[in-house]
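Throughout, protein chains are lettered first and strands after them, A, B, ... in sequence-line order, and every chain is numbered starting at 1. The analysis underlying the following values was restricted to heavy atoms, covering all of them including side chains, and did not include hydrogens, waters or symmetry mates.
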Amino acid sequence: MPDVLAALPAAPAVLAARLLAWYDAGHRALPWRPEAGALGDPYRVWLSEVMLQQTTVAAVIPYFEKFLASWPTLAELAAAEDAAVMAAWAGLGYYSRARNLLACARAVAAEHGGRFPDTEEGLRALPGVGPYTAAAVAAIAFGRRAAAVDGNVERILARLTDDATPLPAFKPAARALGLALVPAERPGDFAQAAIDLGALVCRPREPDCLLCPWRDVCRARAAGTISQRPLRPPKAEKPHRRGTAFWVERDGCVWLVRRPAKGLLGGMAAFPCTEWSADPPPAALPPGWAATPLNATVRHVFTHFSLDLAVVKLSPPPQADPATAFGPGAWVPMEKIDGLPTVMEKVRAAAMGKNKTLRGDSVPSRTP
DNA sequence: GAACCGTGGAG
DNA sequence: TCTCCAAGGTT
């Protein structure tokens, strides 16, 4: 790795001081953010950082408020039921975060006397806490001199140094650069200032360089390479998958199952489904079950594949047990269905004839 | 290193 | 409609 100090266009102390002054002049006020110069509450900082992983601030705010209202303290969250937390997380995505959130809360409650470890290393050992989150909590909640390098910070550093190393290979250098810049005073404010700079000024597209505290020293700006920093690898093609979801209805109730703890939508409530694959096997139904294919297919795009999900309504015979065909589950009154991941929410809307609200997400079904 | 893991807003 | 991608972590 090239010399960190040589890569920087100015002394670390100068760059940090300018960034902190910029932060003090007008940073964002966010529900989890402490006053400038103060330490954050560890529970709030940790909860917000986990929610913010690969997720926009606008999407997180209502979930953060909801979680804080339902579980105001770490101890209360640690005592919560799995299903309640998964349902509260529904719609936010990356559901392993919710499982790890609970595991982490319970670990802190049981193994750390209810208090978060106050070092980067101690935090890093907790479930769902990786290098970024550990550094962010250590800096913001405990005032540790830690390098919280997220996507924003990678971007501002790649531009500041005009580093052409493509991601993710650039990450180690970014971490070294970030650590070199963190001041001994106000490391938490510095972490949030660097993130704000990336989010508000040094944006991926159309950055506002005239508002940047580093505009006169930025090497990518001087070189005219801003739009190419950080360099990203070409995107992979998304495969397409198909499957069928079953709306099993009886006496105003619908059969809901719980998805396996690991993998896609792990631990979430869902409608029974066939396998999702490029060429799924035909759906086999128990004899006597009346099937009504709907004239709609739910379309949903996940991170690494897109999905067309045919929706079939089923009316099981009075004595039939859906668990036999679809595994363990529960009858839920139709109007009380709640806490579904978005793709299942689309299935529900299609089955209940509310697909008008999902325009663009429903497509004509292929011939059954 | 690379694959896996959601969703929604912006342009 | 389509592409990009956001306060990443785990395996």
Please confirm whether any donor atom in the side chain of A:T133 sits under 3.5 Å from an acceptor in the base of C:dG8, or the reverse.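 Donor-acceptor pair under 3.5 Å: no.
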In whole angstrom, what separates [X]'s [atom1] from [N]'s [atom2]?
| X | N | atom1 | atom2 | result |
| --- | --- | --- | --- | --- |
| A:E154 | C:dC5 | CD | C1' | 13 Å |
| A:E49 | C:dG8 | CD | P | 9 Å |
| A:H304 | B:dA2 | NE2 | C1' | 13 Å |
| A:L101 | C:dT10 | CG | C1' | 16 Å |
| A:K238 | B:dA3 | NZ | P | 14 Å |
| A:R97 | B:dG6 | CZ | P | 9 Å |
| A:N152 | C:dC5 | CG | C1' | 11 Å |
| A:F302 | C:dC5 | CZ | C1' | 18 Å |

[N] phosphate, OP1 or OP2, under 4.0 Å from [X] side-chain N/O:
| X | N | answer |
| --- | --- | --- |
| A:R155 | C:dA6 | yes |
| A:T342 | B:dT7 | yes |
| A:R232 | C:dA6 | yes |
| A:Q53 | C:dG8 | no |
| A:H300 | B:dT7 | yes |
| A:K235 | C:dT3 | no |
| A:Y95 | B:dT7 | yes |

Between C:dG9 and B:dG8, how far apart are the two P atoms, rounded to whole Å?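 Pairwise P distance, C:dG9 against B:dG8, rounds to 22 Å.
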Please give the distance between the C1' atoms of C:dA7 and B:dA3 as a whole number of Å.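 It comes out at 22 Å once rounded to the nearest Å.
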Result for 5'-nearest mapping on DNA chain B, choosing between A:E206 and A:P341, is A:P341
Start at the 5' end of DNA chain B and walk down; is the nucleotide closest to A:G266 or to A:R205 reached first?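 On the 5' side of the pair lies A:G266.
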With sugar-phosphate meaning primed atoms plus P, OP1 and OP2, does [X] contact a base, only sugar-phosphate, or nothing at under 4.0 Å between heavy atoms?
| X | result |
| --- | --- |
| A:L307 | nothing |
| A:A199 | sugar-phosphate |
| A:W32 | base |
| A:L264 | sugar-phosphate |
| A:A169 | sugar-phosphate |
| A:V129 | sugar-phosphate |
| A:G91 | sugar-phosphate |
| A:L92 | base |

Look at the rings of A:W32 and A:F64 and say which category their plane angle falls in: under 30° parallel, 30 to 60° tilted, over 60° perpendicular. perpendicular
Kindly assign one of parallel, tilted or perpendicular to the pair A:H27 and A:Y23, based on the angle between their ring planes and the thresholds 30° and 60°. parallel
When you compare the side chain of A:S48 with that of A:V60, does any pair of heavy atoms fall below 4.5 Å? no
Determine whether A:L307 and A:V301 make a side-chain contact, defined as any pair of heavy atoms from C-beta on separated by less than 4.5 Å. no
Taking the side chain of A:R124 as heavy atoms from C-beta outward, which of C:dT10, B:dG6, C:dG8 is closest to it?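 Closest nucleotide among those given: C:dT10.
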Measure from the side-chain heavy atoms of A:R28 and tell me the nearest of B:dG6, C:dA7, C:dA6. C:dA7
Pair A:D338 + A:R348: basic N to acidic O under 4.0 Å: no
Ion pair A:R242/A:D279, N-O distance below 4.0 Å: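 Yes.
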5' priority, DNA chain C, between A:D150 and A:N100 [closest heavy atom]: A:D150
Name the residue closer to the 5' end of DNA chain C, choosing between A:L126 and A:Q192 according to the nucleotide with the nearest heavy atom.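 This one resolves to A:Q192.
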Would A:R259 pass as a cation-pi partner of A:W276, given that its NZ or CZ must be under 6.0 Å from the six-membered ring centre and within 45 degrees of the axis? yes
